[in-house]
Colleague: 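Below are the C-alpha cells for one structure; questions will follow.
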There are 2 protein chains.
Amino acid sequence: MNKEKAQPLLSYISKYITLTPEEEQLLMSQIKYRKFLKGQYVIQQGDVCKHECFVVSGCTKMFHVDDDGQEHIIMFSIENWWTADMGSFITQTPADYNVQCIENTELILFPYDIIEDLYAKIPKLERFFRQIIERAFVASQKRIIRSFSLSAKERYKYFSKQYPEIEQRIPQYMIASYLGITKEFLSKIKGQIALEE
Amino acid sequence: MNKEKAQPLLSYISKYITLTPEEEQLLMSQIKYRKFLKGQYVIQQGDVCKHECFVVSGCTKMFHVDDDGQEHIIMFSIENWWTADMGSFITQTPADYNVQCIENTELILFPYDIIEDLYAKIPKLERFFRQIIERAFVASQKRIIRSFSLSAKERYKYFSKQYPEIEQRIPQYMIASYLGITKEFLSKIKGQIALEE
DNA sequence: AAATAATGTTAAACTAGTTTAATTTTTACT
DNA sequence: AGTAAAAATTAAACTAGTTTAACATTATTT
C-alpha cells in the first residue's frame with residue numbers, strides 16, 4: 001500500500017516502537033488500504049474475521065445481535081483506533097460480532113495470513129501489538145467495573161466526559177445501546193441532567 | 001526458583017511455545033515462587049502492581065472497592081490462571097484493584113523489573129504473553145456482552161455451567177458479587193431454578 | 001458440646017430501568 | 001421547498017433487581 005495514506009498508522013506506531021526504513025517498507029508491502037461507505041459491513045457475525053483493522057478516518061461500531069434480535073454495541077472506533085472481532089481473528093472461527101461503518105470510513109487492514117510471518121520478521125511489531133492489546137484489555141476490564149458499580153446516569157456522564165468527540169458524531173440511540181440501556185431511558189437521563197444544571 | 005515447583009507453569013507455557021533448556025533456565029532464574037495464606041493480599045488497591053502472577057494452586061479473587069465501599073469481584077483465578085492489576089502493572093501507577101487469596105495459594109511471580117529484559121532475551125515469551133492477553137481480552141469483551149444481553153438468572157446459569165469447579169469452591173455471596181447482583185437475589189434465583197427442575 | 005462467626009434464606013417495601021405507544025424534532029432526499 | 005425517513009422525547013404501566021431486616025443453616029474455634 002501507498003505510504004502517504006498510511007501516514008496516520010505510521011505515526012501511531014512510532015509512539016510505541018521505532019521501525020527501520022526496511023521494516024517499514026516490508027510492513028507497507030503486506031497491509032491493505034480500503035474505503036468503506038457509511039452503512040457497509042467490515043465484519044459480519046458468522047463470518048471468519050480475516051483482518052485487524054486500523055481506522056484512518058471515519059467511524060465504525062462493533063455490535064452483537066442476541067437471540068432476541070436485540071443489538072448491543074460493544075465499541076465505537078474512530079481515527080487511530082482498532083477494530084476486529086479478536087476472538088474470531090485469533091481462532092479463525094465464526095465471528096460473534098458485526099463491525100459496520102457509521103460514517104464513510106478508511107481502514108488499513110492487517111491480514112491474518114501474513115501477521116504471524118510479520119511478527120517473525122519484525123519482532124518489534126509483536127511488541128507493538130502486545131502493548132495495544134494490553135491496553136485494550138485494561139480498558140475492557142474497567143468497563144466491566146463501571147457497568148456494575150455505576151448507575152446508568154453515572155455511566156452516561158462518564159462516557160460523555162471521556163469521549164466528547166464520539167458523542168458529537170453518533171446518534172443517541174447508539175450511545176444508549178453502548179451504555180446498556182434503552183434509548184428512552186437515556187433520553188430521560190439527559191432531561192434530568194439538564195435540570196440539574 | 002526451583003524447577004519442581006514450576007512444573008505447572010512450564011507445562012502451561014509449553015502449550016503455546018517451546019523453550020530451549022537454556023531459555024527455560026534463564027526464565028527460572030528470574031521468576032519467584034511464593035506461598036500465601038487464605039485471606040492474604042497479593043495486591044492492594046492504591047499500591048503499584050509489581051508482578052504478574054501465575055496460580056500454581058489455590059484460588060484468588062480480584063475485586064474493586066467503589067466509592068460507596070461496595071466490593072465488586074472482577075475475576076477469580078484458580079490453578080493455571082493468571083492474576084494481576086494489568087493496568088497498574090503496565091503503567092506502574094497505583095492499582096484500582098485488590099487481589100486476595102480465598103484459599104491458601106501458591107503463586108509464581110513475574111517481576112516488572114525483569115519482564116521487558118526477558119522479552120528481549122526470549123522473544124518467544126513475548127509471543128506467549130501476547131497470546132495470553134489476547135485471550136483474556138476476548139473473554140473480557142464477551143463478559144461485557146453477557147452483562148448487557150443476559151438476565152441475572154441467565155448469567156448465573158452460564159457461570160455455573162462454565163465454571164462448575166469454581167462454583168464448588170467459592171461462597172455464594174462472592175459469586176453474586178462477580179455476577180453483579182446482590183447475594184439475596186442470587187439466593188432467590190437459585191430457589192427459582194430448583195423449582196424449574 | 002457449646003459458642004461464635006460466617007454463610008445462606010425469606011419476604012415485604014421499594015427503585016432503577018424497561019416496555020409500549022403516541023408525538024415531536026431533526027435530517028436527508030427529490 | 002416539501003416529503004419521507006430517521007432520531008429523540010414523553011408518559012403510564014410494568015418488572016427485574018435492591019434494600020432492609022429478621023431468621024436459619026453451616027462451619028470453625030475453644
Side-chain angles (χ1 to χ4, degrees), chain A residues 37-40 58-59 61 63 66-73 76 100-104 144 146-160 166-197, chain B residues 37-40 59 61 63 66-73 76 100-104 144-160 166-197:
Chain A
L37 294 175
K38 179 174 174 172
Q40 275 194 293
C59 184
K61 65 171 175 177
F63 64 101
D66 71 19
D67 298 338
D68 306 336
Q70 268 226 290
E71 189 175 312
H72 301 278
I73 295 181
F76 301 109
Q100 188 180 19
C101 299
I102 55 185
E103 298 175 2
N104 293 341
I144 292 175
R146 287 197 302 274
S147 88
F148 288 146
S149 63
L150 302 184
S151 67
K153 191 191 276 184
E154 289 167 324
R155 272 180 278 146
Y156 168 68
K157 282 181 173 172
Y158 178 89
F159 175 83
S160 85
I166 298 188
E167 199 185 357
Q168 299 314 310
R169 291 162 73 163
I170 286 174
Q172 193 169 305
Y173 71 92
M174 289 191 195
I175 293 171
S177 169
Y178 175 83
L179 294 173
I181 57 178
T182 59
K183 56 193 196 311
E184 292 83 358
F185 192 54
L186 178 54
S187 181
K188 191 171 175 182
I189 283 172
K190 289 183 84 170
Q192 289 173 359
I193 291 172
L195 287 179
E196 283 167 18
E197 285 153 7
Chain B
L37 293 175
K38 178 172 173 174
Q40 275 194 294
C59 182
K61 65 172 175 177
F63 64 100
D66 71 20
D67 297 339
D68 306 337
Q70 269 227 290
E71 189 175 311
H72 301 278
I73 295 181
F76 301 108
Q100 188 180 19
C101 299
I102 55 186
E103 299 175 2
N104 293 341
I144 292 175
I145 289 294
R146 287 197 302 274
S147 88
F148 288 146
S149 62
L150 302 184
S151 67
K153 190 192 277 185
E154 290 167 323
R155 274 180 276 143
Y156 168 68
K157 282 181 173 172
Y158 178 88
F159 175 82
S160 83
I166 298 188
E167 199 187 355
Q168 297 316 309
R169 290 162 73 163
I170 285 173
Q172 193 169 306
Y173 71 92
M174 289 190 194
I175 293 171
S177 170
Y178 175 84
L179 294 172
I181 58 178
T182 59
K183 56 193 197 313
E184 292 84 358
F185 193 53
L186 178 53
S187 181
K188 191 171 176 181
I189 283 172
K190 288 184 85 169
Q192 289 173 359
I193 291 173
L195 287 178
E196 283 168 15
E197 285 152 7

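Small disclaimer: the values here were computed from a predicted structure and weren't measured. Per chain, numbering begins at 1; letters A, B, ... match sequence-line order.
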Colleague: Could you state the OH-P distance from Y156(B) to dG8(C), rounded to the nearest angstrom?
Modeller: 11 Å
Colleague: Go along nucleotides 13-23 of chain D 5' to 3' and tag each nucleotide: B for a protein heavy atom under 4.0 Å from its base, S when only backbone or sugar atoms are that close, - otherwise.
Modeller: ----BBBBB--
Colleague: Short question: side chain of N104(B), backbone of L37(B) - any donor-acceptor pair under 3.5 Å?
Modeller: no
Colleague: When the distance from OH of Y173(A) to P of dA5(D) is rounded to whole Å, what number comes out?
Modeller: 16 Å
Colleague: Rounded to the nearest Å, what distance is computed from the CD atom of residue Q172(A) to the C1' atom of nucleotide dT9(D)?
Modeller: 9 Å
Colleague: Verify, without hydrogens or angle tests, whether D68(B) (side chain) and Q70(B) (backbone) share a donor-acceptor contact under 3.5 angstrom.
Modeller: no
Colleague: What residues, two or more places apart in sequence or in another chain, satisfy ring-ring contact (aromatic ring centres under 6.0 Å, His included) together with Y158(B)?
Modeller: none
Colleague: Nearest whole angstrom, please: distance from the C1' of dT27(C) to the CD1 of I102(A).
Modeller: 16 Å
Colleague: Measure from CD1 on I170(B) to C1' on dA6(C) and round the result to the nearest Å.
Modeller: 16 Å
Colleague: Would you say the side chain of F76(B) lies within less than 4.5 Å of the side chain of R169(B), judging by non-hydrogen atoms?
Modeller: no
Colleague: Would you mind reporting whether Y156(B) and E167(B) have side-chain heavy atoms less than 4.5 Å apart?
Modeller: yes
Colleague: Provide, to the nearest angstrom, the distance between the CD1 atom belonging to I175(B) and the P atom belonging to dT7(C).
Modeller: 12 Å
Colleague: In Å and rounded to the nearest 0.5 Å, what is the CD to CZ distance from Q100(B) to F63(B)?
Modeller: 5.0 Å
